[in-house]
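For reference, the structure is listed below as structure tokens.
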Number of protein chains: 2
Amino acid sequence: MHKPRKEMIAETRAKLIAAARHAFGTTGYAEASMDDFTASAGLTRGALYHHFGDKKGLLQAVIAQIDGEMAARINEVASRAPTRWQHFVDECSTYIEMALEPEIQRIMFRDGPAVLGDPAQWPNCSACIASMTDHLTALQEEGVVVSSLDPETASRLINGASSQAAQRIANSSDPEATSKKVVTAFKQLLEGLLKKPDPQSN
Amino acid sequence: MHKPRKEMIAETRAKLIAAARHAFGTTGYAEASMDDFTASAGLTRGALYHHFGDKKGLLQAVIAQIDGEMAARINEVASRAPTRWQHFVDECSTYIEMALEPEIQRIMFRDGPAVLGDPAQWPNCSACIASMTDHLTALQEEGVVVSSLDPETASRLINGASSQAAQRIANSSDPEATSKKVVTAFKQLLEGLLKKPDPQSN
DNA sequence: CCTATTCACATACGCTTCGTATGCCAATTG
DNA sequence: CAATTGGCATACGAAGCGTATGTGAATAGG
């Protein structure tokens with residue numbers, strides 16, 4: 001018995017996703033020819049349509065995979081941090097770091113939203129956001145963060161800023177210097193969420 | 001003399017841009033057929049290629065037009081505001097408001113970046129950002145905003161958050177309620193930029 | 001062990017869309 | 001009034017996508 005059937009199927013699915021991920025990440029979604037990257041996986045479009053319905057379906061699968069990896073990495077980093085606030089800041093930093101990878105930028109922040117619409121409406125719906133939202137909620141209960149704001153909303157705004165931050169660093173001619181400026185500005189923004197020690201002003 | 005030549009040319013250019021703008025804004029860039037929307041303007045692709053080189057060139061022209069309109073509207077709102085900080089906040093609010101229009105969302109925030117790349121690298125380069133950057137710089141000199149951050153960087157981060165804010169409102173099932181939550185969270189983030197009255201903390 | 005059925009995947013076809021090359025006609029120029 | 005420019009349309013070829021159909025191997029049933 002060479003290989004069980006199920007295993008072969010899972011393998012071709014994985015090969016398709018991997019090939020598409022590479023093509024989407026480098027060439028871009030619109031410019032990536034289905035004939036080309038299925039061939040690079042030793043397959044044809046027949047397999048693609050069979051498993052994913054169409055090109056968009058395959059993109060969804062690729063995005064789900066990347067999203068899973070990002071969430072895992074964030075959870076790992078998140079697990080070690082002295083305070084919860086630091087924990088939260090670390091999550092954001094990690095998010096920005098990951099967004100520096102061209103593949104993630106292209107697929108998750110550019111082509112993904114363009115093809116599938118607002119990421120907030122995606123099925124798996126960004127595991128990263130969910131994690132950030134949880135921590136914001138906890139921080140509110142602890143009195144560290146102002147209680148007037150909606151955690152998920154705040155998470156998404158921060159998420160938008162993070163993505164801009166990453167793009168700015170990635171496209172910079174001097175990533176080192178830019179990175180410093182961006183991270184400084186970003187942390188400054190986050191300060192706005194903290195409850196002030198003296199609430200008399202304003 | 002019916003019409004001077006130059007006028008006719010400008011007119012066809014305008015008609016093409018208007019038709020494309022409508023098609024891109026409703027159908028979407030990728031799905032908009034050049035044959036279709038040029039025909040809806042009483043023209044053919046011949047005119048399009050002659051004036052704009054290709055589809056992307058036309059998108060650039062459309063974006064330039066919209067960007068100009070946005071900048072004009074922002075400057076107008078900006079002109080009336082008691083304090084400079086309020087001025088700045090108003091700019092942001094106006095930006096979010098404009099981003100609620102589906103056409104702007106689609107063209108400027110989704111298809112535009114996907115096709116032309118990071119907006120920060122666009123030629124006209126978002127007149128809105130430039131305006132915000134100017135005001136942030138002034139606010140720093142006045143000592144209202146912390147001096148440690150780079151104005152343009154901060155503008156872009158805020159810009160990213162604004163765009164998220166607008167999308168969240170626009171896609172909400174209850175725009176009224178969502179709008180309140182989003183604006184609250186957004187203004188809270190902006191607070192982070194303000195210099196604290198008592199600089200001893202931190 | 002042999003037949004039947006399923007199904008993963010390939011092949012073949014037509015349709016749409018894009019980019020280029022070419023042609024035509026009106027408006028300018030001298 | 002002749003010549004030329006250039007704005008725009010038409011014609012053609014190439015490529016990509018989606019669907020319909022075909023095929024062969026693995027499973028299931030007797």
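To find a chain, count down the sequence lines: A is the first, B the second, and so on, and within it residues start at 1.
Taking atom NE2 on H51(B) and atom P on dG7(D), their separation rounds to 6 Å, with Å as the unit. Going from atom CG of L16(A) over to atom P of dC9(C) covers 8 Å, rounded to whole Å. Atom OH of Y29(B) is separated from atom C1' of dC18(C) by 10 Å (rounded to the nearest Å). In this structure, OH of Y49(A) is placed 20 Å from P of dG22(D), rounded to the nearest angstrom. One can place CG of L58(B) at 11 Å from P of dG19(C), the figure rounded to the nearest angstrom. In this structure, the CG atom of D35(B) is 14 Å from the C1' atom of dC8(D), given to the nearest Å. Atoms CG (L43(A)) and P (dC9(C)) sit 7 Å apart, rounded to a whole Å. Rounding to whole angstrom units, CD1 of residue I9(A) and P of dT27(D) are separated by 9 Å.
Counted by atom type alone, Q65(A) and R21(A) present one or more donor-acceptor pairs between their side chains at under 3.5 Å. A donor atom on one side chain and an acceptor atom on the other are not found under 3.5 Å apart for T44(A) and T38(A). Side chains of T153(A) and R168(B): a donor-acceptor N/O pair is present below 3.5 angstrom, by distance only.
Closest to the R45(B) side chain, of the nucleotides dT20(C), dT19(D), dC9(C), is dT20(C). Ranking dC18(C), dA12(C), dG7(D) by closeness to the S33(B) side chain, first place goes to dC18(C). Closest contact between the side chain of A47(B) and the listed nucleotides dG7(D), dA12(C), dA9(D) involves dA9(D).
Among residues two or more places apart in sequence or in another chain, the side chain to side chain contact (heavy atoms under 4.5 Å, CB included) test is passed with Y49(B) by M34(B), R45(B), D54(B).
Contact annotation for T44(A): base contact, defined as any heavy-atom pair under 4.0 Å involving a base atom. Among the protein residues, A32(B) comes within range of the sugar-phosphate backbone only, with heavy atoms under 4.0 Å from sugar or phosphate atoms but none that close to a base.
Between H87(B) and H135(B), the ring-plane angle classifies as tilted under the 30° and 60° cut-offs.
The shortest distance between the side-chain N/O atoms of H50(A) and the OP1/OP2 oxygens of dA8(C) is below 4.0 Å. Distances shorter than 4.0 Å separate none of the side-chain N or O atoms of T12(A) from OP1 or OP2 on dA8(C).
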